[in-house]
4 protein chains.
Amino acid sequence: MKNVEVHSSVKDERLIKVRRDQMIKGAVSLFKQKGFHRTTTREIAKASGFSIGTLYEYIEKKEDVLYLVVDRIYDEVKERLKESIDTAIGTIEGLKSAIAAYFRVMDDMQDEVLVMYQEAKSLTKDALPYVLNKELQMVQMFEDILKRMTKQKEIAMSEKEIQLCAHNIFVLGQMWGFRRWALHSMFSIEDYIDMQTSLILDGLTIREKKGDEK
Amino acid sequence: MKNVEVHSSVKDERLIKVRRDQMIKGAVSLFKQKGFHRTTTREIAKASGFSIGTLYEYIEKKEDVLYLVVDRIYDEVKERLKESIDTAIGTIEGLKSAIAAYFRVMDDMQDEVLVMYQEAKSLTKDALPYVLNKELQMVQMFEDILKRMTKQKEIAMSEKEIQLCAHNIFVLGQMWGFRRWALHSMFSIEDYIDMQTSLILDGLTIREKKGDEK
Amino acid sequence: MKNVEVHSSVKDERLIKVRRDQMIKGAVSLFKQKGFHRTTTREIAKASGFSIGTLYEYIEKKEDVLYLVVDRIYDEVKERLKESIDTAIGTIEGLKSAIAAYFRVMDDMQDEVLVMYQEAKSLTKDALPYVLNKELQMVQMFEDILKRMTKQKEIAMSEKEIQLCAHNIFVLGQMWGFRRWALHSMFSIEDYIDMQTSLILDGLTIREKKGDEK
Amino acid sequence: MKNVEVHSSVKDERLIKVRRDQMIKGAVSLFKQKGFHRTTTREIAKASGFSIGTLYEYIEKKEDVLYLVVDRIYDEVKERLKESIDTAIGTIEGLKSAIAAYFRVMDDMQDEVLVMYQEAKSLTKDALPYVLNKELQMVQMFEDILKRMTKQKEIAMSEKEIQLCAHNIFVLGQMWGFRRWALHSMFSIEDYIDMQTSLILDGLTIREKKGDEK
DNA sequence: CATGAATGAGTCTTCATTCAT
DNA sequence: AATGAATGAAGACTCATTCAT
């Protein structure tokens with residue numbers, strides 16, 4: 001999956017980084033409030049702290065901003081996940097703490113995740129697969145944990161079951177963000193983590209027991 | 001939750017129904033392809049089979065079309081669910097068939113569900129809560145089944161666990177639609193139903209056993 | 001000055017009269033509030049008590065309504081003036097009472113006069129001269145009085161002076177309507193009549209005296 | 001009476017002045033021909049020498065153009081009046097020359113005055129009082145002259161008579177513009193000035209004489 | 001590199017007018 | 001004669017993008 005580069009007429013790489021950081025920061029807060037389509041490039045420039053002309057020195061099209069934002073969000077989520085998750089550990093406890101860590105990241109980055117969800121479709125045809133691929137990579141982190149657990153006979157799951165379960169964990173984490181209107185009045189994030197973890201593990205341990213029974 | 005009425009300058013209720021049916025049908029297919037914001041009112045009119053002037057005889061603002069569409073989708077999903085689900089049955093089998101029915105509706109209406117997901121934010125401030133409420137009603141159908149199962153001692157779940165589980169079922173069903181890019185190459189809808197049902201039930205039966213153990 | 005006929009597809013002359021009366025009544029009140037351009041044909045139809053389709057049975061273009069309205073206002077003003085003014089009398093007292101009568105009509109029909117003033121320009125090219133001619137006829141009523149007074153040696157004014165003076169009387173009467181925002185807080189209509197009459201007469205009596213001096 | 005500012009997204013005040021000058025110039029000539037409502041924003045932009053986009057950099061709504069135009073006309077009339085009228089002089093001759101000057105301005109700016117008259121109603125609710133106030137200020141210039149004349153015993157008029165007379169002068173001046181269809185074929189502007197001045201003065205001198213008689 | 005004025009294609013929405021019933 | 005649904009041309013306004021300074 002080749003990287004999708006956003007063209008900039010500015011040469012100084014360091015400056016590009018600085019300006020795009022400003023831009024992303026400004027844009028995220030705007031996208032949260034009004035969505036991508038209702039946000040104007042002028043607003044983005046203003047929120048970024050520079051002029052519309054300067055904005056276009058660092059991007060080519062408005063959609064580039066969306067891509068940059070979404071890309072950044074993924075990177076951030078992934079970064080924070082990697083910090084917290086040691087995929088090497090193939091134990092039940094390891095999985096539990098990975099889930100907890102991931103859910104907490106989702107809690108911290110609710111708005112960002114919501115933005116991704118609702119605006120992903122507006123990405124250009126060529127940016128979308130790249131972004132979806134990033135998402136798959138994150139799902140794969142959970143797959144990796146589950147695979148290792150299987151290898152270490154902690155659980156007994158087929159390849160397919162692992163894939164599905166990893167997707168479930170991923171989506172259930174996001175759900176905390178995109179269904180907050182329903183969930184947040186019913187659960188604290190800690191409750192949510194505990195209960196979901198328990199439900200997820202039930203789906204695994206059973207199989208392990210089944211395996212034992214044979 | 002008061003109904004959100006969309007104003008029409010046409011008096012004949014029957015005609016309003018006919019035209020709005022055309023409109024919704026045309027709009028859904030456009031929203032699927034390009035999203036709400038990238039669809040113009042003229043395109044909607046054309047896809048509906050009438051002129052832009054006529055379109056505006058049946059709505060006031062472009063956003064009304066979105067509301068009409070989303071509202072219709074919910075109603076359709078709900079209708080199809082009610083056909084298939086007999087909430088009265090409080091057995092494991094009843095739950096299984098309810099999940100299967102729901103997942104199949106989600107499979108049939110993937111595009112529609114996707115539209116709802118991605119464009120809901122563009123609904124007017126007053127339409128959104130109304131729509132979210134409809135969603136809650138659907139979640140409640142699963143809650144009802146689980147409650148009855150608990151009452152009939154089929155399972156042992158707390159109020160909160162039931163609520164969370166119902167949300168999970170709901171979201172996992174939608175997931176088949178909004179993550180199709182990842183799931184459809186891995187699973188057939190039947191596989192998906194079987195495996196998810198199994199995972200969901202594990203979360204319940206375990207507790208039932210726990211209950212037994214006491 | 002040939003009459004400007006407004007075409008109607010309805011044959012029954014009596015019905016045309018009835019419908020147009022409704023139409024004019026409704027339209028005047030709308031034009032007062034929002035002006036001709038901001039009033040829609042639908043609103044006119046509604047205010048007239050019939051449908052848009054029926055409206056167009058009695059006119060051809062929206063501008064016809066304006067013409068009908070303006071025409072009616074002139075007729076009404078003229079009618080009321082003729083009732084009150086006996087142009088035959090060529091005395092100072094006769095002039096005074098004519099002025100008073102005219103000013104009172106202007107007071108009664110302020111809104112209508114305002115409408116005429118502000119919307120006259122929107123009349124069709126062929127309707128305008130016809131309407132302006134009606135206005136001239138009204139000015140002429142004052143000219144006639146002044147001429148008769150001159151003939152009877154009540155005053156001594158040249159033809160030109162008479163024309164100008166007649167215009168002045170006419171405009172000063174309208175002024176009560178179109179400058180009400182300034183005048184009505186300063187004068188009652190009676191004050192206004194008294195003071196203006198006095199000023200106008202000063203313009204005449206002087207000349208009369210001058211005439212005497214010769 | 002607080003000033004009514006028209007918002008511009010352009011920062012450079014000098015440029016705003018330049019562009020608005022162009023805009024006003026273009027708009028006046030269009031409004032003269034077809035009135036405010038029949039003039040499109042595109043036409044205004046074109047007549048101003050720039051694009052529709054640029055037009056909207058300097059105003060927010062079409063009505064702003066009208067306000068700008070009307071405001072400018074008042075300022076211009078006032079400016080030219082102040083040049084010509086020395087309100088300090090409280091003599092008959094001073095009044096005569098003030099009237100003459102004012103009437104000549106009205107002659108020069110006939111079209112503009114007509115525009116004001118016919119389109120004033122289309123001004124926004126908040127702009128209208130501001131504009132009317134400007135008009136009052138101009139009336140006041142004549143009041144001031146008359147007051148001074150009274151103070152200097154040139155004439156004897158009550159406060160109310162002065163106010164009314166000032167209004168009359170003002171309206172009679174405008175009348176030259178808005179009744180040109182009737183007046184211009186009968187009088188030259190010089191005739192008009194002479195005759196009206198004479199009529200107006202008759203209204204004053206008489207009173208002065210009356211004062212003398214007592 | 002930064003700025004922000006200029007551009008005009010594109011969008012929503014209105015409304016006068018028509019015409020089948 | 002009356003109705004009101006249908007039409008689409010036209011208009012106000014927006015906003016992504018460019019480019020001269």
Side-chain angles (χ1 to χ4, degrees), chain A residues 8-12 15-16 19 37-46 49-65, chain B residues 8-12 15-16 18-19 37-45 49-63 65, chain C residues 8-12 15-16 19 37-46 49-65, chain D residues 8-12 15-16 18-19 37-46 49-65:
Chain A
S8 167
S9 64
V10 173
K11 296 290 143 70
D12 182 343
L15 193 51
I16 293 181
R19 290 280 176 267
H37 283 104
R38 295 200 198 286
T39 301
T40 68
T41 51
R42 276 174 155 83
E43 287 171 324
I44 296 171
K46 192 171 189 182
F50 39 70
S51 72
I52 182 68
T54 301
L55 179 71
Y56 273 86
E57 292 284 310
Y58 296 92
I59 57 165
E60 275 187 310
K61 306 178 314 307
K62 187 189 174 191
E63 276 163 346
D64 290 343
V65 181
Chain B
S8 167
S9 66
V10 172
K11 301 290 168 64
D12 184 342
L15 194 52
I16 292 180
V18 173
R19 291 282 175 268
H37 284 105
R38 293 200 199 286
T39 303
T40 68
T41 51
R42 270 188 163 73
E43 287 171 325
I44 296 172
F50 37 69
S51 71
I52 182 67
T54 300
L55 178 69
Y56 274 89
E57 291 280 305
Y58 296 91
I59 57 162
E60 278 186 307
K61 313 176 307 304
K62 188 189 174 192
E63 276 166 347
V65 181
Chain C
S8 167
S9 64
V10 173
K11 296 288 143 69
D12 182 344
L15 194 51
I16 293 181
R19 292 281 175 266
H37 282 105
R38 294 199 198 286
T39 301
T40 68
T41 51
R42 277 173 154 81
E43 288 171 324
I44 295 171
K46 192 171 188 180
F50 39 70
S51 71
I52 181 69
T54 301
L55 180 70
Y56 273 87
E57 293 284 310
Y58 296 92
I59 58 163
E60 276 187 310
K61 306 176 314 307
K62 187 189 174 190
E63 276 162 347
D64 291 343
V65 182
Chain D
S8 166
S9 66
V10 172
K11 302 292 168 62
D12 184 342
L15 193 53
I16 292 180
V18 173
R19 291 282 174 268
H37 283 105
R38 293 201 199 285
T39 302
T40 69
T41 51
R42 270 187 163 73
E43 287 171 325
I44 296 171
K46 194 169 187 180
F50 36 69
S51 70
I52 181 67
T54 299
L55 178 70
Y56 275 90
E57 291 280 304
Y58 296 92
I59 57 162
E60 278 185 309
K61 310 175 310 301
K62 187 188 174 191
E63 276 165 348
D64 290 343
V65 181

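Numbered from 1 within each chain, the chains take letters A, B, ... in sequence-line order. Computed from a predicted structure; not experimentally measured.
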I want to verify a distance call: between [options], whose nearest atom is closest to the [X] side chain?
| X | options | value |
| --- | --- | --- |
| A:Tyr58 | E:dT13, E:dC1, F:dA6 | E:dC1 |
| A:Phe50 | F:dA1, E:dT3, E:dC12 | E:dT3 |
| D:Thr54 | F:dA2, E:dT7, E:dT17 | E:dT7 |
| A:Glu57 | E:dT14, E:dT3, F:dA6 | E:dT3 |
| A:Leu15 | F:dC13, E:dC1, F:dA1 | E:dC1 |
| D:Lys61 | F:dA2, F:dC13, F:dA6 | F:dC13 |
| B:Ser51 | F:dG11, F:dG8, E:dT11 | F:dG8 |

**Request:** Please confirm whether the backbone N or O of D:Glu57 pairs with a side-chain atom of D:Ser8, one donor and one acceptor, at under 3.5 Å?
**Result:** yes
Atom [atom1] of [X] and atom [atom2] of [N]: how far apart are they, to the nearest Å?
| X | N | atom1 | atom2 | answer |
| --- | --- | --- | --- | --- |
| A:Leu55 | F:dA16 | CG | P | 10 Å |
| B:Asp12 | E:dT21 | CG | P | 14 Å |
| A:Asp64 | F:dA16 | CG | C1' | 12 Å |
| D:Glu43 | F:dA10 | CD | P | 12 Å |
| B:Tyr56 | F:dA9 | OH | C1' | 15 Å |
| A:Arg38 | E:dT11 | CZ | C1' | 13 Å |
| B:Ile52 | F:dA5 | CD1 | C1' | 16 Å |
| D:Lys11 | E:dA6 | NZ | P | 14 Å |

**Prompt:** With B:Lys61, which residues qualify under salt bridge (Lys or Arg N to Asp or Glu O under 4.0 Å), at least two apart?
**Reply:**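 Partners of B:Lys61 by the salt bridge (Lys or Arg N to Asp or Glu O under 4.0 Å) criterion, ordered by chain and then number, come out as B:Asp64.
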Taking only side-chain N and O atoms of [X], does any of them lie within less than 4.0 angstrom of OP1 or OP2 on [N]?
| X | N | answer |
| --- | --- | --- |
| C:Arg19 | F:dA2 | yes |
| D:Lys62 | F:dA12 | yes |
| C:Thr41 | E:dC15 | no |

**Message:** Tell me if the side-chain of D:Arg42 makes a donor-acceptor pair with the base of E:dG10, cut-off 3.5 Å, by modelled atom types.
**Reply:**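 Flag set: donor-acceptor pair detected.
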**Closest-nucleotide ordering on DNA chain F, the 5'-leading residue of A:His37 and A:Gly53** = A:His37
**Request:** Indicate, with a heavy-atom threshold strictly under 4.0 Å, whether B:Ser8 touches base, sugar-phosphate, or nothing.
**Result:** nothing
**Message:** What contact category does C:Ser9 fall into here, base, sugar-phosphate, or nothing, at under 4.0 angstrom with non-hydrogen atoms?
**Reply:**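 Counting heavy atoms under 4.0 Å across all strands, no contact is made by C:Ser9.
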**Nearest heavy-atom neighbours spanning A:Arg42 and A:Ile52** = N-CD1, 3.9 Å
**Message:** For a quick test of reading the model, state the closest non-hydrogen atom pair linking A:Lys62 to A:Thr41 and the distance between them.
**Reply:**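 Closest approach of A:Lys62 to A:Thr41, heavy atoms only: CG-CG2, 3.7 Å.
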**Asked** Which one is paired to F:dT21, where only Watson-Crick or G-U wobble pairs with both distances under 3.5 angstrom count?
**Response**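 Pairing partner, where one exists within any strand: E:dA2.
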**Asked** Mind checking who F:dG8 pairs with, Watson-Crick or G-U wobble, both distances under 3.5 Å?
**Response**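 Paired with E:dC15.
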**Prompt:** C:Tyr58 vs C:Phe50 aromatic rings, parallel, tilted or perpendicular, using cut-offs 30° and 60°?
**Reply:** tilted
**Asked** What distance do C:Arg19 atom CZ and C:Leu55 atom CG have between them, rounded to the nearest 0.5 Å?
**Response**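 Answer rounded to 0.5 Å: 11.5 Å.
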